[in-house]
Amino acid sequence: MIGLLKKIFLVDLFQGLFVTFRNQNPKYIYTEQYPAERPKVAERYRGAPRLNNNPENGETLCISCNLCALACPENLIVVTSERNEQTKRKDLTDFTYDLSRCMFCGLCEDACPVDALELTQDFELASYTRDGMIWDRQMLEEGPKPTQYKC
Amino acid sequence: MPDTFLDSTELILNMGPQHPSTHGVLRVILKLDGEKILGTDCVIGYLHRGVEKIAENRTYTQFNPYVDRMDYVAAVSNGLGYCLAVEKLLNVQAPPRAQVVRVILTELNRIASHLLWLGTHALDIGAITPVFYCFREREEALKIFEQYCGARLTTHAFRIGGLQYETYEGFERDVKEFCEMFPPKVDEYEELLTNNRIWAGRLKGVGILNGDDCKEYGVTGPVLRAAGVKWDLRKAQPYSGYEQYDFEIPTRENGDTYDRYIVRMQEMRQSVRIMEQAVEGIPAGPIMGKVGKVIKPPVGEAYVSIEAPKGELGYYVVSDGSTQPYRVRVRPPSYINLQALDKMVRGALIADVVAVIGTLDIVLGEVDR
Ligand code: SF4
Ligand code: SF4
């Protein structure tokens, strides 16, 4: 009998509808108004790569050891350097990073012995051209500069 | 099947590869008599990337991020399976702290995977509401992944021998909060669906696969457990310290789509239980076992299988003593579970195919590899 009444009065459906209405409370709004409101990504986020400079003298931290290029499964890093006759060390000349093939696995930054290469919190990496995805040393040091929108 | 002659009342219909409810790029060729299904043929391979072949040209460490891209919904479980297989080859074990963190993350990933399944499955059946709620909770799980390892989906969270990342500050708090927040949400989903007559009507008695058939096809995971077979690798062959935790294996008898739904809902609750126990006692200590920078396992082979959200996920790794694997073979649960599709939908209606594909919980990235 109760079963029949439940059936006639659509109890099961109203039970579900009640959940829906309960969740319409404005305090359960989760939408982020991107790009006006920018998401806060985690500190360890693996996003755009950056080649770090020494904050004191602005020189690059990279010692051109090529370990990152060897660690990368996709083989997308090319480090070029030339030997400095005075200091007997290698100087970085260029650093190419093909972002279009990168899967942001983080193996390159793990391999770097001096923390020169780092995956940062920047996540806006879109580009109008394919060439724009291949970053050179300057781009890697400066990082992407996405347009900031304000509302 | 497609090359057989058709009766005048019969019809061949392509479902997919762009059909929204085939969950990716699965193409099912249906042979129909009106709405009734006389036979099916799955065409797979649209997402084939040759992951197993790629493994032969990468070092053991370098191949690790690729496994995330097979079952991208449960990337952490894939990583665990691969790492365990190589660890077995190397004959090392992850330190206790790493093992506990691994368990927490894989269980969290199981919940995330089941939530995605529930949302999309309900969407296929025609219930639009649950998907929003499921994604809301999945977001919380993904946030923990992001905080922990810096990526949300293809996490690359584990390394061979242990972990790369130490837990972040507040990790335990976040996991505890999730464990507290989550069970009431499961109640909410159940309120929406379990008693709903449309939901029950669409699922009960659809796509029945009994225990013997499951074993014959090699079907594992929730599909097997919904058919009444109490088989869970976490209990049967404990790995990564699962024997320490107290949890149950939910099973049901009928083996229909509705039972598989119930089993997965209960599995989510059990996952929370495991996480609650694990997070209480994360031991201190190192997170990386004794493995060198260059991983060079001795000649040999190892097979390790784990209980992924979708079933038994196995990694078979053969080493020839060099730094690159000689062969990596993956036993993907989705691929093997998909075989049962024909058996499950024969004689049913087209709409049931959608329900059955949903309930099998396949990920095409894993089917095609
Ligand atoms: S993140 Fe991974 S794929 Fe990208 S450059 Fe570094 S090692 Fe290569
Ligand atoms: S590993 Fe670091 S130091 Fe070495 S070449 Fe790469 S960025 Fe430079």
Side-chain angles (χ1 to χ4, degrees), chain A residues 3-4 6-25 27-32 39-49 65 67-77 101-113 118-123, chain B residues 54-55 57-69 79 127-130 132-133 135-137 139-140 142-157 159 164-170 174 185 187-201 293-294:
Chain A
L4 184 71
K6 270 191 176 166
K7 230 177 186 162
I8 292 172
F9 290 109
L10 305 174
V11 172
D12 52 336
L13 296 185
F14 282 114
Q15 201 185 13
L17 273 179
F18 181 63
V19 176
T20 316
F21 283 120
R22 202 167 58 214
N23 276 289
Q24 303 226 318
N25 189 331
K27 80 172 186 240
Y28 296 132
I29 292 176
Y30 286 80
T31 315
E32 237 165 36
K40 217 175 154 306
V41 295
E43 206 177 305
R44 295 180 182 177
Y45 190 79
R46 301 200 298 256
C65 64
L67 282 178
C68 50
L70 292 175
C72 176
E74 285 293 327
N75 253 330
L76 56 86
I77 300 175
R101 275 158 53 211
C102 179
M103 54 181 167
F104 303 99
C105 62
L107 283 174
C108 50
E109 72 174 340
D110 295 349
C112 185
E118 197 184 328
L119 297 180
T120 62
Q121 287 161 307
D122 295 316
F123 54 90
Chain B
I54 289 174
N57 304 309
R58 300 284 186 274
T59 63
Y60 287 92
T61 324
Q62 283 180 341
F63 183 59
N64 204 348
Y66 289 88
V67 298
D68 291 352
R69 282 153 180 83
I128 305 198
T129 317
F132 302 117
Y133 300 162
F135 270 68
R136 182 185 63 196
E137 270 73 73
E139 178 68 25
E140 298 301 319
L142 296 190
K143 265 188 198 151
I144 297 182
F145 291 143
E146 186 185 323
Q147 298 262 358
Y148 171 70
C149 64
R152 293 156 56 88
L153 207 61
T154 46
T155 45
H156 194 206
R159 299 294 194 276
Q164 169 71 26
Y165 308 103
E166 187 50 84
T167 55
Y168 64 91
E169 206 178 310
D174 282 359
K185 302 285 181 188
D187 295 341
E188 207 166 69
Y189 311 144
E190 295 227 45
E191 233 173 283
L192 278 174
L193 295 171
T194 307
N195 293 323
N196 185 303
R197 67 182 71 176
I198 307 171
W199 180 253
K293 269 234 150 37
V294 179

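A note on names: the letters A, B, ... follow the listed sequences, proteins ahead of strands, and every chain is numbered from 1.
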Query raised in the report: If you measure from the Lys or Arg side-chain nitrogens to the Asp or Glu carboxylate oxygens, is any gap between B/Glu146 and A/Arg44 under 4.0 Å?
Result: no

**Report entry** A/Arg46 vs B/Cys149 side-chain heavy atoms within contact, under 4.5 Å
**Finding:** yes

Query raised in the report: Heavy atoms, side chains only, cut-off 4.5 Å: are A/Glu74 and B/Gln62 in contact?
Result: no

Query - Spatial distance of atom CD (B/Glu191) from atom OG1 (A/Thr20) [nearest 0.5 Å] - result: 9.5 Å

Query raised in the report: Just how far is it from atom CD of B/Gln164 to atom CG of A/Asp110, taken to the nearest 0.5 Å?
Result: 3.5 Å

Between [X] and chain A, which part of the residue has a heavy atom less than 4.5 Å away: side chain, backbone, both or neither?
X: B/Tyr133; value: side chain
X: B/Thr61; value: both
X: B/Tyr168; value: both
X: B/Thr155; value: backbone

Query raised in the report: Should B/His156 and A/Met103 be marked as a side chain to side chain contact (heavy atoms under 4.5 Å, CB included) after you check the CA-CA gap, both sets of side-chain angles, and the distance that decides it?
Result: CA-CA 10 Å; B/His156 194 206; A/Met103 54 181 167; over 6 Å; no

Requested in this report: Might you work through the side chain to side chain contact (heavy atoms under 4.5 Å, CB included) test for B/Asn64 and A/Leu107, ending with a clear yes or no?
Outcome: CA-CA 10 Å; B/Asn64 204 348; A/Leu107 283 174; 6.0 Å; no

Report task. Mind ranking A/Ala111, A/Cys72, A/Pro73, A/Ala42 by heavy-atom pairs under 4.5 Å with chain B and telling me who comes out on top? Result -> A/Pro73

**Report entry** Non-neighbouring partners of B/Phe135 that pass side-chain contact (heavy atoms from CB on, under 4.5 Å), sequence neighbours left out
**Finding:** B/Leu116, B/Val131, B/Arg138

**Report entry** Leading residue by heavy atom contact count with chain A [cutoff under 4.5 Å; candidates B/Arg152, B/Arg159, B/Arg58]
**Finding:** B/Arg58

Query - From CA spacing to verdict: side chain to side chain contact (heavy atoms under 4.5 Å, CB included), B/Gln147, A/Glu43 - result: CA-CA 7 Å; B/Gln147 298 262 358; A/Glu43 206 177 305; 6.0 Å; no

